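The structure appears right after this line, and notes come after that.
Count residues from 1 along the sequence. None of these values were measured; they are calculated from a predicted model. Just the heavy atoms: all of them, side chains too, but no hydrogens, waters or symmetry mates, feed the values below. As the structure lists them, so they are numbered: ligands from 1, and atoms in each ligand from 1.
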Amino acid sequence: MEKSSRDSDPRFGTIEDNIKRIREDMASACAKCGRDVNEVSLMAVTKTVEPKYINHAIACGIDLIGENRVQEFLSKKDELNLDGVSAHLIGTLQLNKVRKIVGQVDMIQSVNSLKLAQEIDRISERLGIVTNTLIELNIGEEASKTGMSVSELDELLCRMDSLGNIKVCGLMTIPPICAQKSEILKFFHNMNKLFIDIKAKKYDNITMSILSMGMSSDYCEAISEGSTLIRPGRAIFGARS
Ligand SMILES: *Cc1c(COP(=O)(O)O)cnc(C)c1O
């Protein structure tokens, strides 16, 4: 990062301070519930953020970024310093965009139907790769949200063994907006229970190693309920325009 641009744009310093603060929050949230902070990954959600700020976050130690939209990610990718950095797709993926993103990201966190899993598998097979994925659950059962319902999950898990070019590494969720912390804790708790149950069942082709939950306003609660990957955006980069 050039000094002149840092001095002229206070946002660089803010990003650095924010990352430091979140790491401290992560350490104290883990200490409170007796977890090892190394079990929890910090993803920086970079939707709408310009590459120069993303690169600054990377210079400050961020090694995992999340983008929502295929087109936005692909248009920014060449400007990003992604050496040693993983990039995940976390936004809703349309079937007709699958061929554009498979092979371009390290993981697709937003698998929300069997059809989508099958299409990712098909394109991955054509490219000769295995694509890492998470299953996105609509834990609040909200009509307005994407993600699978818990009742659909079992069928998907049973059919994964026929999809040899896709690997399920865990679960992801965006819980409902809750007025009370106790409500959100309940959703996170239910996610963790499912995560543990599925892990115990040992399905073929499925390893439950990542539980992706917790955004800017609730990452400490998510950590207290077992999250292994938190996804703050605004808490790092500031409000989105
Ligand atoms: C936007 C987004 C985030 C980050 O949200 P913030 O409120 O900015 O922390 C995390 N996960 C997903 C899936 C998102 O779309």
request  = State whether the shortest distance between N or O atoms of Pro232 and N or O atoms of ligand 1 falls below 3.5 angstrom.
outcome  = no
ask   = What protein heavy atom is closest to atom 4 (C) of ligand 1, reported as residue, atom name and distance in Å?
value = Arg231 O, 3.3 Å
message = Below 4.0 Å, non-hydrogen atoms only: which portion of Lys47 touches ligand 1? Side chain, backbone, both or neither.
response = side chain
key: Asp25 and Tyr219: side chain donor to acceptor below 3.5 Å   = yes
query = Quick one: do the Glu39 and Thr228 side chains pair a donor with an acceptor below 3.5 Å?
reply = no
Heavy-atom nearest neighbour in the protein, as seen from atom 9 (O) of ligand 1, with distance rounded to 0.1 Å = Ser216 OG, 2.5 Å
message = With heavy-atom distances below 4.0 Å as the criterion, list the atoms of ligand 1 near Gly233.
response = 4 (C), 6 (P), 8 (O), 9 (O)
query = Would you call Lys52 and Glu79 a salt bridge, taking side-chain N to carboxylate O under 4.0 Å as the test?
reply = no
query = Taking Glu72 for the side chain and Thr48 for the main chain, is one N or O donor matched with an acceptor at less than 3.5 Å?
reply = yes
Residue, atom name and distance, where the atom is the protein heavy atom closest to atom 5 (O) of ligand 1 = Met215 CE, 3.6 Å
ask   = Centres of the Tyr53 and Phe237 rings: under 6.0 Å?
value = no
query = Please state which protein non-hydrogen atom is closest to atom 12 (C) of ligand 1 and give its distance, to 0.1 Å?
reply = Ile90 CD1, 3.5 Å
inquiry  = Could you tell me if Glu141 and Ser149 have a donor-acceptor pair between their side chains, going purely by distance under 3.5 Å?
reply    = no
For ligand 1, the portion of Val45 having any non-hydrogen atom under 4.0 Å away = side chain
key: Atoms of ligand 1 close to Arg234 [distance to a heavy atom under 4.0 angstrom, numbered from 1]   = 6 (P), 7 (O), 8 (O), 9 (O)
ask   = Is a side-chain N or O of Ser227 found less than 3.5 angstrom from the main chain of Met213, in a donor-acceptor match?
value = yes
task = For Met43 and ligand 1, answer yes if some heavy atom of the residue is under 4.0 Å from a ligand atom, otherwise no.
result = no
